[in-house]
Every structure is written in C-alpha cells, then in structure tokens.
Amino acid sequence: MLERQQLEGRTQVTFVLPEGAPDGPVSVVGDFNQWNPSTHPLTPRGDGTRAATVALPTRGSHSFRYLAAGDYWFDDEQADGHDGANGRLHT
C-alpha cells in the first residue's frame, strides 16, 4: 500500500506492507535510492504493518520494487503503473 502526503515542493510517500508478508526483512528499492536495499528498510509500526517513508520531488515519476530476504523481489499492487518488472509511482 502507498500512503502519500503533499509537502511544499515534495511528496512524502510511505510504502506499507502487512506484518510478516513476506517473512523477514524487506526494503523498498528504486531509482530514488539507487536500488540500494540498505537505504529504506521497512520497520514495524504500532498497527502491525511495516513501513518506510521517502520524500520525493513533486510531479515526478519513479520506478520501485520491494526486496525481501532470499533475494525475493516483488511489486506493490497499488503502484500507479508498471514499466517492465518495476512498479511506477507518480508524485
């Protein structure tokens, strides 16, 4: 799930996954963090979900995916679109 909040000149995007789906650590990776899995790991929230928040330029478009333990890549069903294997996010 993607949560968005408009800020001055930026869009704060929170990438959210249910607890334990999939098991183990998960990171959101994309062109906004040079596809580096250590930059935005999802962390537990009080409601049982896991999330990572990224501030992105407004009126932009970004490719992203999730990377879980065991080199398991997967997409967000709520992505704004897809470009090949990657989800697309429009801010």
Exercise. Quick one: do the Thr14 and Thr53 side chains pair a donor with an acceptor below 3.5 Å?
Worked result: yes

Exercise. If you group Ile, Leu, Val, Met, Phe, Trp and Tyr by side-chain heavy-atom gaps below 4.5 Å, do Val54 and Val26 land in one group?
Worked result: yes

Exercise. Residues two or more places apart in sequence or in another chain: which of them pass salt bridge (Lys or Arg N to Asp or Glu O under 4.0 Å) with Arg50?
Worked result: none

How long is the straight-line distance from [atom2] of [Y] back to [atom1] of [X], given to the nearest 0.5 Å?
X	Y	atom1	atom2	value
Leu17	Arg45	CG	CZ	10.0 Å
Thr58	Arg10	OG1	CZ	7.5 Å
Thr91	Leu7	OG1	CG	11.0 Å

Which heavy atom in [X] sits nearest to a heavy atom in [Y], and how many Å separate them?
X	Y	value
Ser27	Pro41	OG-CA, 3.5 Å
Trp35	Trp73	CE3-CZ3, 4.3 Å
Pro57	His62	CD-NE2, 4.2 Å
Thr49	Val16	CB-CG1, 3.7 Å

Side chain of [X], backbone of [Y]: donor and acceptor closer than 3.5 Å?
X	Y	value
Asp31	Ser63	yes
Asp76	Met1	yes
Arg65	Ala85	yes
Gln12	Gln5	no
Asp80	His90	yes

Does a side-chain heavy-atom distance below 4.5 Å link [X] with [Y]?
X	Y	result
Leu67	Asp71	yes
Phe32	His40	yes
Leu2	Phe64	yes
Val13	Leu89	yes

For this session: Give a yes or no on this: more than 12 heavy atoms of other residues, nucleotides or ligands lie within 6.0 Å of atom CD of Glu77.
Result: no

Exercise. If you count the non-hydrogen atoms of other residues, nucleotides and ligands that lie under 6.0 Å from CD in Glu19, is the total more than 12?
Worked result: no

For this session: Only counting residues at least two apart or in another chain, list the ones meeting ring pair (Phe, Tyr, Trp, His ring centres under 6.0 Å) with Phe74.
Result: Tyr66, Tyr72

